[in-house]
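Have a look at the structure below, then the notes.
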Amino acid sequence: MIKVLFFAGLRETLGKGSESLALPAGVGTVGALRDHLAARGEAWSALATMKNLRSAVNQQMVGPEAAIKAGDEVAFFPPVTGG
């Protein structure tokens, strides 16, 4: 199992802040997980289309090529503006 966290507007778009899921077969990187989740449909496609989406594994910022394994926590952060 892995824990996936969604922050800010992404959490609102998906209607959830986190979920636990079994690491799907063939999904071994953050980018592959992102693609896997985006394939769920409508709201989830935001993961594939959102520009500057950042990610972290076990609280370390990483790129899409970062490896993931069972027991990891993966977080996705959309761009946030402030003013």
Side-chain angles (χ1 to χ4, degrees):
M1 298 288 282
I2 61 171
K3 184 170 185 176
V4 185
L5 305 174
F6 309 102
F7 289 92
L10 186 57
R11 177 179 54 218
E12 294 171 17
T13 298
L14 300 177
K16 62 169 55 179
S18 68
E19 72 174 89
S20 295
L21 70 147
L23 192 59
V27 174
T29 65
V30 169
L33 176 62
R34 180 178 170 175
D35 292 344
H36 173 78
L37 294 171
R40 289 179 170 175
E42 287 189 33
W44 292 93
S45 66
L47 282 162
T49 59
M50 191 172 284
K51 292 184 177 179
N52 300 320
L53 182 68
R54 302 185 73 191
S55 54
V57 174
N58 300 326
Q59 302 182 8
Q60 296 288 320
M61 298 306 290
V62 297
E65 71 288 346
I68 55 175
K69 63 184 181 322
D72 283 344
E73 176 185 87
V74 180
F76 292 103
F77 305 88
V80 177
T81 60

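What you see below is based on every heavy atom in this structure, not just the backbone, and it leaves out hydrogens, waters and symmetry mates.
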Fill in: Heavy-atom side-chain contact between Thr29 and Ile68 under 4.5 Å
no
Worksheet item: For Lys69, what residues pass the side-chain hydrogen bond (donor to acceptor under 3.5 Å, both in side chains) criterion, not counting sequence neighbours?
Response: Asp72
Worksheet item: Can you tell me if Asn58 uses its side chain to pair, donor with acceptor, with the backbone of Glu73 under 3.5 Å?
Response: yes
Worksheet item: Mind checking whether Trp44 and Phe7 sit in one hydrophobic cluster, side chains of I, L, V, M, F, W, Y counted as touching below 4.5 Å?
Response: no
Response to the item:
Nearest heavy-atom contact between Ala32 and Gly28 is CB-N, 4.3 Å
Discussion item. Show the nearest heavy-atom pair for residues Ala56 and Met61, with the distance to one decimal.
Written reply: CB-SD, 3.9 Å
Worksheet item: Should Phe77 and Leu5 be counted in the same cluster of Ile, Leu, Val, Met, Phe, Trp and Tyr side chains packed under 4.5 Å apart?
Response: yes
Item to complete: For a side-chain contact (heavy atoms from CB on, under 4.5 Å) with Pro78, tell me which candidate from Met50, Lys51, Arg54 qualifies.
Response: Met50
Discussion item. I'd like to check the ring pair (Phe, Tyr, Trp, His ring centres under 6.0 Å) partners of Phe76; sequence neighbours left out, ordered by chain and number.
Written reply: none
Worksheet item: Side-chain heavy atoms under 4.5 angstrom apart, residues restricted to Ile, Leu, Val, Met, Phe, Trp, Tyr: same cluster for Leu23 and Leu37?
Response: yes
Response to the item:
Between the NZ atom in Lys3 and the OG atom in Ser20, the distance rounded to the nearest 0.5 Å is 6.0 Å
Worksheet item: If you group Ile, Leu, Val, Met, Phe, Trp and Tyr by side-chain heavy-atom gaps below 4.5 Å, do Val62 and Val74 land in one group?
Response: yes
Worksheet item: So which heavy atom on Ala46 is nearest to which on Leu10, and how close?
Response: CB-CD1, 4.4 Å
Practice prompt. Measure the spacing between CZ of Arg11 and OG of Ser18 and express it to the nearest 0.5 Å.
Written response: 10.0 Å
Worksheet item: Below 4.5 Å, heavy atoms only, C-beta onward: do Arg34 and Leu47 meet side chain to side chain?
Response: yes
Discussion item. Are Glu12 and Phe6 packed together at the side-chain level, in the sense that at least one heavy-atom pair is separated by less than 4.5 angstrom?
Written reply: no
